[in-house]
Q: 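Sharing a structure, written as structure tokens. Questions coming.
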Amino acid sequence: MHTDLPVHNKLVVITGPTAVGKTSVAVEVAKALRTEIISCDSRQMYREMRIGTAVPGAEELSAVPHHFIGNLSIHDYYNVSMFEQECLQLLDRLFQKYQTVVMTGGSGLYIDALCKGIDDFPTVDLEIRRTVTGWFENEGVEYLRRQLKMLDPEHYTKVDLRNHKRIMKAIEVCLQTGKPYSSFLTAQTRKRSFRIVKLGLNRPREELFERINQRTGLMMEEGLLEEAQALYPHRHLNALNTVGYKELFAYMDGVHDLDTAIELIRRNTRRYAKRQLTWFARDPDMQWLHPGQLDEIKAKCGE
RNA sequence: GGUACCAUAGCUCAGUAGGUAGAGCAACGGACUGAAAAUCCGUGUGUCCUUGGUUCGAUCCCGAGUGGUACCA
């Protein structure tokens, strides 16, 4: 188990908003350290979604071994907890070969789950999920609120009652276990057997937005539309509720023209980047750097 | 060169019978415990082109200037 490993092992987390330039920095760092890269990107895991999720290029993938890229199908069920478990197991193995391992990606919840742990509760059966989803679709949020108030009055006072997903999750766990959702929440930070260095990459907003705009154009040139067209039959899958795909599905449905779809991809990517920054901003362990400061970044990784 | 019209938020525009202004989009800020590139919440950010005048008070009325658009030369 990982708890038996020596404590000099170290995980370098390189994160930041989408399109900031994480991939190339991580590859440079991993090459310098002669180690491997673990991706913590909730969408690059799906092998059907390569162009739209900006997976690393062929040279980058061959230069450094990558994990958790294209390892799932859009039809697979997956969640943060599974990522935490699989990641810890993988790290056990990698730390036998390497003193330092690099992790990169922009899914804040996934990073936190690995670094701090996430409370354990049973996976919800599909039928229960369907039932609760049906309640939301047929009865509305107000009905969900009343259910939660009965099932878990404590959590009812804490959740964002306007966010149906939060309410649904709690109800599902209550129904699955027969116990209140809040009884599973400990909010305890799990002890890890390795040191963690968190590097947040960022750029001036204008610079970041420019990169987002350019990358969107590049994706289209690489065939994002064709990729999306191939996935159109599965557009209702959760994995495809993703920036870059949903806008193109709307175009295919005739909701708006292609230029509008591309503009919406750019806008929604900008908004996503902002949400990521908000998430990372509250992490006191994050050390912020510009992607161009490669020497400083490498120095931090060597510490 | 002449005539007409226009100049208000980042953009497109509305408006104030004279009491320092508001829509859409864009933008900005925040939350986040198994669907997280998801989901949810909050916020007008303004020399009302410049400058004289009338007025208790001008973004609004009058004059001049500057810039733009259209038409006529």
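So you know, we letter chains A, B, ... as the sequences are listed, proteins then strands, and number each from 1.
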Q: For B:A27, does either OP1 or OP2 sit under 4.0 Å from a side-chain N or O belonging to A:K274?
A: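 No.
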Q: Classify the angle between the aromatic ring planes of A:Y110 and A:F83 as parallel (below 30°), tilted (30 to 60°) or perpendicular (above 60°).
A: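 Taking A:F83 first and then A:Y110, their aromatic rings sit tilted (interplane angle of 30° to 60°).
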Q: When you compare B:G53 with B:A17, how far apart are their P atoms, in angstrom units rounded to a whole number?
A: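 My reading of the P atoms in B:G53 and B:A17 gives 26 Å.
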Q: Is the backbone N or O of A:E210 less than 3.5 Å from a side-chain atom of A:N213, with the two atoms forming a donor-acceptor pair by type?
A: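 Checked: no pair found.
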Q: Applying a 4.0 Å non-hydrogen cut-off, can you work out what A:F209 is touching in the nucleic acid: base, sugar-phosphate, or nothing?
A: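 Sugar-phosphate contact only - A:F209 comes under 4.0 Å of backbone atoms but never of a base.
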Q: Round to a whole Å and report the spacing from OH of A:Y78 to C1' of B:A35.
A: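 Atom-to-atom, A:Y78 to B:A35, this comes out as 14 Å.
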Q: Could you tell me whether B:G18 is syn or anti, where syn means a glycosidic angle within 90 degrees of zero?
A: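 Anti.
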Q: Can you tell me how far P in B:G10 sits from the matching atom in B:A4, rounded to whole Å?
A: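 Result for the P pair: 32 Å, nearest Å.
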Q: Would you find more than 12 non-hydrogen atoms of other residues, nucleotides or ligands less than 6.0 Å from A:E127 atom CD?
A: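 For A:E127, atom CD is not crowded (no more than 12 foreign heavy atoms under 6.0 Å).
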Q: What distance, rounded to whole Å, do you find between the two P atoms, one in B:G68 and one in B:G29?
A: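 Comparing P positions in B:G68 and B:G29 gives a spacing of 35 Å.
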Q: How does RNA chain B look in dot-bracket form if you count Watson-Crick and G-U pairs under 3.5 Å, write [ ] for pairs that cross, and put | where a base pairs with another strand?
A: (((((((..((((.....[..)))).(((((.......))))).....(((((..]....)))))))))))).
Q: Relative to the 5' end of RNA chain B, which residue comes earlier, A:A281 or A:G106, by the nucleotide with the nearest heavy atom?
A: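 Upstream on the strand: A:A281.
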Q: If you look at every strand shown and take non-hydrogen atoms under 4.0 Å, does A:F184 touch a base, only sugar-phosphate, or nothing?
A: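 Nothing, no nucleic acid heavy atom in range.
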Q: Considering only heavy atoms, which members of residues 213-245 of chain A lie under 4.0 Å from some atom of RNA chain B?
A: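 Per residue number, the list reads A:N238, A:N241, A:T242, A:V243.
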Q: Take the protein atom CE of A:M45 and the nucleotide atom C1' of B:A35, then report the distance between them rounded to whole Å.
A: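 So the CE-C1' distance, A:M45 to B:A35, works out to 13 Å.
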Q: Do the side chain of A:K22 and the main chain of A:L201 share a donor and acceptor less than 3.5 angstrom apart?
A: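 Not at all, since once roles are kept as given, no pair shorter than 3.5 Å links the two residues.
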Q: CZ of A:F83 versus C1' of B:U33: gap in Å, rounded?
A: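 Roughly 15 Å, once rounded to whole Å.
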Q: Whole Å only: how far is the CZ atom of A:R205 from the C1' atom of B:U45?
A: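 To the nearest whole Å, that distance equals 15 Å.
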Q: Identify, with sequence neighbours excluded, every residue that meets salt bridge (Lys or Arg N to Asp or Glu O under 4.0 Å) alongside A:R203.
A: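 So A:R203 forms a salt bridge (Lys or Arg N to Asp or Glu O under 4.0 Å) with A:E207.
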Q: Please give me every residue in residues 47-58 of chain A whose heavy atoms get under 4.0 Å of an atom in RNA chain B, ordered by residue number.
A: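 Heavy-atom contacts with RNA chain B come from A:G52, A:T53.
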Q: Step by step, would you call A:L277 with A:R205 a side chain to side chain contact (heavy atoms under 4.5 Å, CB included)?
A: CA-CA 11 Å; A:L277 285 167; A:R205 199 60 67 91; 4.2 Å; yes
Q: Listed by chain and number, what are the salt bridge (Lys or Arg N to Asp or Glu O under 4.0 Å) partners of A:E60, not counting sequence neighbours?
A: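 Per chain and number, A:E60 pairs via salt bridge (Lys or Arg N to Asp or Glu O under 4.0 Å) with no residue.
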Q: Would you check, one step at a time, whether the test salt bridge (Lys or Arg N to Asp or Glu O under 4.0 Å) holds for A:R192 with A:E84?
A: CA-CA 12 Å; A:R192 296 307 187 206; A:E84 181 202 12; 2.8 Å; yes
Q: Pull out every residue in residues 117-137 of chain A that has a heavy atom closer than 4.0 Å to any atom of RNA chain B, ordered by number, or say none.
A: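 Of all residues in residues 117-137 of chain A, the ones placing a heavy atom under 4.0 Å from RNA chain B are A:I118, A:D119, A:D120, A:F121, A:R129.
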Q: Once you round it to whole Å, what is the distance between P of B:G29 and CZ of A:R271?
A: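 In whole Å, B:G29 P lies 13 Å from A:R271 CZ.
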Q: How far, in whole Å, is B:U45 from B:C40 if one measures between their C1' atoms?
A: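 It comes out at 23 Å once rounded to the nearest Å.
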Q: Please evaluate residues A:L114 and A:L91 with respect to the criterion side chain to side chain contact (heavy atoms under 4.5 Å, CB included), reporting the C-alpha separation (whole Å), side-chain torsions for both, the decisive distance (0.1 Å), and the verdict.
A: CA-CA 10 Å; A:L114 179 72; A:L91 281 171; 4.1 Å; yes
Q: Which residues pass the salt bridge (Lys or Arg N to Asp or Glu O under 4.0 Å) test with A:K169, not counting sequence neighbours?
A: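 With sequence neighbours excluded, A:K169 shows a salt bridge (Lys or Arg N to Asp or Glu O under 4.0 Å) to A:E172, given in chain and number order.
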Q: On the nucleotide B:G30, are OP1 or OP2 found under 4.0 Å from the side-chain N or O atoms that A:R275 carries?
A: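 Answer is no, no contact under 4.0 Å.
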Q: Roughly how many Å apart are B:U16 and B:C6, using the P atom of each and rounding to a whole number?
A: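 To the nearest whole Å, 14 Å.
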Q: Under the 4.5 Å side-chain heavy-atom rule for ILVMFWY, direct or indirect, which residues accompany A:M168?
A: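 Its cluster mates, by chain and number, are A:F121, A:V124, A:I128, A:V132, A:W135, A:F136, A:V141, A:Y143, A:L144, A:L148, A:L151, A:Y156, A:V159, A:L161, A:I167, A:I171, A:V173, A:L175, A:Y181, A:F184, A:L185.
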Q: Heavy-atom distance under 4.5 Å between the side chains of A:P56 and A:V27, does that happen here?
A: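 Result no, sub-4.5 Å side-chain heavy-atom pair not found.
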Q: Just wondering, do A:V255 and A:F249 contact through their side chains at under 4.5 Å, heavy atoms?
A: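 No, every pair of side-chain atoms sits at 4.5 Å or beyond.
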Q: Counting heavy atoms from C-beta on, name the nucleotide in B:G29, B:C40, B:G34 closest to the side chain of A:Y77.
A: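 Between B:G29, B:C40, B:G34, the one nearest the side chain of A:Y77 would be B:G34.
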Q: Rounded to whole angstrom units, what separation is found between the OH atom of A:Y110 and the P atom of B:G34?
A: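 Those two atoms, OH and P, are 11 Å apart.
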Q: Distance between the P atoms of B:C28 and B:U3, in whole angstroms?
A: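 Approximately 46 Å lies between the P atom of B:C28 and that of B:U3.
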Q: Return the residues of residues 251-265 of chain A meeting this criterion: a heavy atom under 4.0 Å from some atom of RNA chain B. Order them by number, or give none.
A: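 When residues 251-265 of chain A is checked for heavy atoms under 4.0 Å from RNA chain B, there are no hits whatsoever.
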Q: Nearest-Å distance, CH2 (A:W279) to C1' (B:U39)?
A: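 Taking CH2 of A:W279 and C1' of B:U39, I get 12 Å after rounding.
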Q: Is a side-chain donor or acceptor of A:T104 paired with a backbone partner of A:S39 at a separation under 3.5 angstrom?
A: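 No, because the side chain of A:T104 does not come within donor-acceptor range (under 3.5 Å) of the backbone of A:S39.
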Q: Look at the side chain of A:R43 and decide which nucleotide, out of B:A36, B:A27, B:C40, has an atom nearest to it.
A: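 The listed nucleotide nearest to A:R43's side chain is B:A36.
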Q: Within the structure shown, what part of the strands sits under 4.0 Å from A:D41 by heavy-atom distance: base, sugar-phosphate, or nothing?
A: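 Base contact.
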Q: Among all residues two or more places apart in sequence or in another chain, which pass the salt bridge (Lys or Arg N to Asp or Glu O under 4.0 Å) test with A:D283?
A: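 Only A:K198 meet the salt bridge (Lys or Arg N to Asp or Glu O under 4.0 Å) criterion with A:D283.
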Q: Under the ring pair (Phe, Tyr, Trp, His ring centres under 6.0 Å) definition, can you give me all pairs with a residue in residues 27-67 of chain A, not counting sequence neighbours?
A: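 Non-adjacent pairs meeting ring pair (Phe, Tyr, Trp, His ring centres under 6.0 Å): zero.
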Q: Could you list by number each residue of residues 161-181 of chain A showing a heavy-atom separation from RNA chain B of less than 4.0 Å, or answer none if no residue does?
A: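 Nucleic-acid contacts, sorted: A:R162, A:N163, A:H164, A:K165, A:R166, A:M168, A:K169, A:Y181.
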Q: Please tell me if the side chains of A:H290 and A:P204 come closer than 4.5 Å, counting only heavy atoms from C-beta onward.
A: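 The answer is yes; the side chains approach within 4.5 Å.
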Q: Scan side-chain atoms only and decide if A:Y251 and A:E247 contain a donor-acceptor pair under the 3.5 Å cut-off.
A: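 No, A:E247 and A:Y251 have no side-chain donor paired with an acceptor closer than 3.5 Å.
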Q: Taking atom P in both B:U47 and B:U43, compute the distance separating them and give it to the nearest angstrom.
A: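 Between the two P atoms, the distance is 22 Å.
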Q: Find which nucleotide of RNA chain B each of A:S81 and A:L277 is nearest to by heavy atoms, and output the residue with the more 5' nucleotide.
A: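 Result: A:L277.
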Q: May I ask you to test the A:L218-A:E222 pair for a side-chain heavy-atom distance under 4.5 Å?
A: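 A side-chain contact exists here, since the closest heavy-atom pair is under 4.5 Å.
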Q: Decide whether a cation-pi geometry holds between A:R235 and A:Y232; the criteria are a distance under 6.0 Å from NZ or CZ to the six-membered ring centre and an angle within 45° of the ring axis.
A: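 Yes, a cation-pi geometry holds between A:R235 and A:Y232.
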Q: Please measure how far the P atom in B:A64 lies from the corresponding atom in B:C71, and state the result in whole Å.
A: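 Nearest-Å result for B:A64 against B:C71 at atom P: 25 Å.
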Q: Send over the distance from A:I74 CD1 to B:A36 P, rounded to a whole Å.
A: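 So the two atoms are 14 Å apart, to the nearest Å.
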Q: Could you check if a side-chain atom of A:R215 sits within less than 4.5 angstrom of a side-chain atom of A:T269, using non-hydrogen atoms only?
A: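 They are in contact (side-chain heavy atoms under 4.5 Å apart), so the answer is yes.
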